[in-house]
Novice: 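One structure is given below, represented as structure tokens, and several questions about it will come after.
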Amino acid sequence: MSGEFESVPDEILIGGCWKRGTGPAGEVIDPGTGAVLQVMTQATADDVDTAVALGAAAVADPAWRDLLPHQRARYLHRIADAIERSAERLALLQSYNTGKTLAETRGLVASAAGTFRYFAAVLETADEDLTTQRGNYLTMSVREPIGVVGAIAPWNSPVASDAQKIAPALAAGNAVVLKPAEWTPLVSLALARIIDEAGLPSGLLSVLPGRGSVVGDAIVNHPGIGKVTFTGGTRTGRMVAHAAAEKLMPVSLELGGKSPTIVLADADVEQAVSGIMYGIFSSTGQSCIAGSRLFVDRRIYGDFLARLVEKTARLRVGPGREPGTQVAPMVHAEHRDSVARYVDLARAEGGRILCGGGIPDDDRLRDGAYYLPTVIDGLTNDSRTCQEEIFGPVLVALPFDGEDDLLAQANDSVFGLAAGIWTADYRRAWRLARRLQAGTVWINTYKQFSISTPFGGVKESGLGVEKGRAGIAAYSRQKSIYLGLDDQPNPWAD
Ligand code: NAP
């Protein structure tokens, strides 16, 4: 195994100052071994107050407020450079704190750097609108920062999800108060140190780890927070939306999913099997877009499932820092136990466990939060197992008969985050893609991400989009300016 754990200082970033949090101490666990990595002091609602006040002052400071887009973009480039210089350290830290494989955390760190670069480029090339002239005046629509943005992130891919919020919010000229998940504060604090050391003006970024019900709630309800960008579960997202409605505050919500992946009878079986396995079992299934409901044409259902189960049973489950591991531990033993309860529920609902369905029988992994990749069938789409987000390495398979049956089942979900289609027939794929209720549809690929392509969910999977050129617009307000061209006084007054 590679790389020793290096602790991060027990300090949080409040409006440009590194201080010990004034909240309770929380243990940060290595889910691969169950060992305590370090104890971190958390933030409080008072820390949120200070961070918001300092953030508001920093946004209003002419040294930041008056920067031209290309000048602001330079900060983002500098941050991207600094992330790349610290890439291996960040990847290792994230692997220790989340259990993920190093291959995955390296990819997430690279994507964080790429996100800062992308939004620097978007910022430098964004045009403002001179709208069509309708009188003796010129009309313009310009974009201005919102002020202080609250960003609340989940534990599943911290460094990448932090960057996805911080980069466009700073690009649009805002300050950011970020709350990482209580289980995974380390990489967000390490990223904050990198951003701070890259020279971002003081006060523009605060990173306040702590419990959602304390620090998250204080951010969402703070009168000085002008927008909240939230990624997490649908239940929490709904609470955030209620609070936002009270304040009449804009909010972006990236929420849960129960995404269907579909195999038509003409699909390339080997390609579909490997894509489906990657879609559900990479990240140990802890991915909002995990393809967790598999629909296979009944004519090939038996053979297809046999091949899928045979390959799934051979996946290498092990520590995230061991070369060759495909399925790493889950983020926390509590979360692993919740996944195990879902598999018990599937059994109670009449599901057949085709592989997995328990913890690995391996002494080496005994103390970690491991769970075997699991394939279940024999359930109907209205079962709780098929309807609720499990957020673990659990795939439930269902046969379908024809397109109407397929679409009725695939769309019968409160969620609408993503979908996958495996087929050789692109006309059919296009037709299905247009009728699936999902924010993203992958055809003959799955779980690929591009920062230049907008991402968001429909139905209970979210509101608004992140990424893409629209990503910056989500962090700004539009203002219209009329520039009068008359030489004479307004005749109305005569
Ligand atoms: P979660 O329990 O909803 O927590 C998300 C964040 O919200 C955490 O930082 C949490 O803090 C905080 N929080 C909890 N209660 C809060 C409150 N009352 N007010 C404000 N903030 C509060 O979700 P999770 O279990 O961390 O993450 C898994 C979920 O995220 C899954 O449903 C997954 O699908 C979703 N997700 C969606 C996307 C997407 O882009 N659509 C991406 C990744 C994950 P604490 O954890 O510290 O309590």
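In this chain, residues are counted from 1 in sequence order. Order of appearance sets the numbers: ligands from 1, and atoms from 1 within every ligand. None of the values given here were measured: they were computed from a predicted structure.
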Novice: I'd like to check which ligand 1 atoms, numbered from 1 as shown, lie under 4.0 Å from a non-hydrogen atom of Gly256.
Specialist: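 In order of number, 32 (O), 34 (O).
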
Novice: Regarding Thr385 and Glu349, do their side chains bring together a donor and an acceptor under 3.5 Å, going by distance alone?
Specialist: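 Their side chains do contain a donor-acceptor pair, which is all the 3.5 Å distance test asks for.
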
Novice: Consider only side-chain N and O atoms of Asn97 and Trp183, and report whether a donor and an acceptor are under 3.5 Å apart.
Specialist: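 Short answer, no.
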
Novice: Which ligand 1 atoms are under 4.0 Å away from a heavy-atom of Asp217?
Specialist: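 Contacts of ligand 1 toward Asp217, numbered from 1: 19 (N), 20 (C).
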
Novice: Charged N to carboxylate O below 4.0 Å: is that the case for Asp344 and Arg347?
Specialist: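 Counted as a salt bridge, because a side-chain N and a carboxylate O are separated by less than 4.0 Å.
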
Novice: Is it true that Gly457 lies under 4.0 Å from ligand 1, counting heavy atoms only?
Specialist: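 Flag not set, Gly457 not near ligand 1.
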
Novice: Quick test of your reading of the structure: of Ala160, Gly26, Gly212, whose heavy atom lies closest to atom 48 (O) of ligand 1?
Specialist: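 Looking at heavy atoms only, the winner is Gly212.
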
Novice: Answer side chain, backbone, both or neither: which part of Val215 comes under 4.0 Å from ligand 1, heavy atoms only.
Specialist: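 It is neither; nothing of Val215 touches ligand 1.
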
Novice: When you measure from atom 36 (N) of ligand 1 to every protein heavy atom, which one gives the shortest distance, and what is it?
Specialist: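 That would be Cys288 CB, 3.5 Å.
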
Novice: For atom 20 (C) of ligand 1, which protein heavy atom lies nearest, and how many Å away is it?
Specialist: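 Of the protein heavy atoms, Gly216 C, 3.3 Å lies nearest.
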
Novice: Among residues two or more places apart or on two chains, list those pairs meeting ring-ring contact (aromatic ring centres under 6.0 Å, His included) that have a residue in residues 239-260.
Specialist: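 Matches after skipping sequence neighbours: none remain.
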
Novice: Tell me the protein heavy atom at minimum distance from atom 8 (C) of ligand 1, and give that distance in Å.
Specialist: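 Heavy-atom neighbour on the protein nearest atom 8 (C) of ligand 1: Ala153 O, 3.3 Å.
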
Novice: What are the atoms of ligand 1, with element, lying closer than 4.0 Å to any heavy atom of Glu182?
Specialist: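 With Glu182 as reference, the close atoms of ligand 1 come out as 45 (P), 46 (O), 47 (O).
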
Novice: Any N/O of Phe455 closer than 3.5 Å to an N/O of ligand 1?
Specialist: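 No; the residue has no nitrogen or oxygen that sits under 3.5 Å from a nitrogen or oxygen of the ligand.
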
Novice: Taking atom types as modelled and ignoring hydrogens, do the side chains of Asp162 and Ser188 form a donor-acceptor contact shorter than 3.5 angstrom?
Specialist: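 Asp162 vs Ser188: donor-acceptor pair found between side chains.
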
Novice: Which ligand 1 atoms are under 4.0 Å away from a heavy-atom of Leu417?
Specialist: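 Per the distance check, 41 (N).
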
Novice: Among protein heavy atoms, which sits nearest to atom 31 (C) of ligand 1, and what does the distance come to when rounded to 0.1 Å?
Specialist: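 Closest protein heavy atom to atom 31 (C) of ligand 1: Glu389 OE1, 3.4 Å.
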
Novice: Any atoms of ligand 1 less than 4.0 Å from a non-hydrogen atom of Gly210? List them with their elements.
Specialist: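 Answer, ordered by atom number: 47 (O).
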
Novice: Quick one: look up the protein heavy atom nearest atom 7 (O) of ligand 1 and list residue, atom name and how far away it is.
Specialist: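 Protein heavy atom with the smallest distance to atom 7 (O) of ligand 1: Phe230 CE1, 3.2 Å.
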
Novice: Check the side chains of Ser252 and Tyr475 for a donor-acceptor pair under 3.5 angstrom, ignoring hydrogens and angles.
Specialist: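 Checked: Tyr475/Ser252 side chains show no N/O donor-acceptor pair below 3.5 Å.
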
Novice: What protein heavy atom is closest to atom 25 (O) of ligand 1, reported as residue, atom name and distance in Å?
Specialist: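 Nearest neighbour among protein heavy atoms for atom 25 (O) of ligand 1, to 0.1 Å: Trp155 NE1, 3.1 Å.
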
Novice: Working note: Arg321 + Asp30, criterion salt bridge (Lys or Arg N to Asp or Glu O under 4.0 Å); need CA distance, chi angles, decisive distance, verdict.
Specialist: CA-CA 12 Å; Arg321 272 133 4 246; Asp30 173 356; 3.3 Å; yes

Novice: I'd like to check whether Lys179 has a polar contact with ligand 1, where a contact means an N/O of the residue lying under 3.5 Å from an N/O of the ligand.
Specialist: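 Indeed, backbone or side chain, Lys179 has an N or O that close.
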
Novice: Please state which protein non-hydrogen atom is closest to atom 28 (C) of ligand 1 and give its distance, to 0.1 Å?
Specialist: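 Atom 28 (C) of ligand 1 sits closest to the protein heavy atom Phe391 CE2, 3.6 Å.
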
Novice: Which atoms from ligand 1 have a heavy atom of Pro154 less than 4.0 Å away?
Specialist: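 Contacts of ligand 1 toward Pro154, numbered from 1: 26 (O), 27 (O), 43 (C), 44 (C).
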
Novice: For atom 40 (O) of ligand 1, state which one of Arg235, Glu254, Gln42, Arg211 supplies the nearest heavy atom.
Specialist: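 Looking at heavy atoms only, Glu254 sits closest to atom 40 (O) of ligand 1.
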
Novice: For ligand 1, which atoms have a heavy atom of Met239 less than 4.0 angstrom away?
Specialist: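 Within the 4.0 Å cut-off of Met239, ligand 1 contributes 18 (N).
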
Novice: Output yes when the distance from some N or O of ligand 1 to some N or O of Ser287 is under 3.5 Å, and no in every other case.
Specialist: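 No, since none of the N or O atoms of Ser287 sits under 3.5 Å from an N or O of ligand 1.
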
Novice: Which ligand 1 atoms, with their elements, are less than 4.0 angstrom from a heavy-atom of Ile152?
Specialist: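 Counting atoms of ligand 1 from 1, those under 4.0 Å from Ile152 are 6 (C), 7 (O), 9 (O), 12 (C), 20 (C), 21 (N).
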
Novice: Regarding Arg316 and Thr325, do their side chains bring together a donor and an acceptor under 3.5 Å, going by distance alone?
Specialist: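 On atom types as modelled, these side chains do not qualify, holding no pair under 3.5 Å.
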
Novice: In terms of heavy-atom contacts, does CZ of Arg211 have more than 12 from other residues, nucleotides or ligands at under 6.0 Å?
Specialist: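 Open: at most 12 neighbouring heavy atoms sit under 6.0 Å from CZ of Arg211.
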
Novice: Mind checking whether Phe391 and His335 have parallel, tilted or perpendicular rings, split at 30° and 60°?
Specialist: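 Perpendicular, since the angle between the ring planes exceeds 60°.
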
Novice: Can you confirm whether the side chains of Gln387 and Lys258 place a donor and an acceptor under 3.5 Å from each other?
Specialist: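 Absent: no donor and acceptor within the cut-off.
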
Novice: Under 3.5 Å, side-chain donor or acceptor atoms of residues 465-474 against the rest of the protein: list the pairs with distances, not counting sequence neighbours.
Specialist:
{"unit_1": "Glu466", "atom_1": "OE2", "unit_2": "Lys165", "atom_2": "NZ", "d": "2.9"}
{"unit_1": "Arg469", "atom_1": "NH2", "unit_2": "Thr125", "atom_2": "O", "d": "3.4"}
{"unit_1": "Arg469", "atom_1": "NH2", "unit_2": "Thr125", "atom_2": "OG1", "d": "3.0"}

Novice: Kindly assign one of parallel, tilted or perpendicular to the pair Phe449 and Trp442, based on the angle between their ring planes and the thresholds 30° and 60°.
Specialist: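 The arrangement is perpendicular - the two ring planes meet at more than 60°.
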
Novice: Could you check whether any heavy atom of Trp183 sits closer than 4.0 Å to an atom of ligand 1, since that is the contact criterion I want to use?
Specialist: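 No; Trp183 lies far enough from ligand 1 that no heavy-atom distance drops under 4.0 Å.
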
Novice: Quick one: nearest non-hydrogen protein atom to atom 3 (O) of ligand 1, plus distance?
Specialist: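 Protein heavy atom at minimum distance: Thr236 OG1, 2.6 Å.
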
Novice: Would you say Glu27 has more than 12 foreign heavy atoms packed within less than 6.0 Å of its CD?
Specialist: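 No, CD of Glu27 has 12 or fewer neighbouring heavy atoms, counting only those of other groups under 6.0 Å.
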
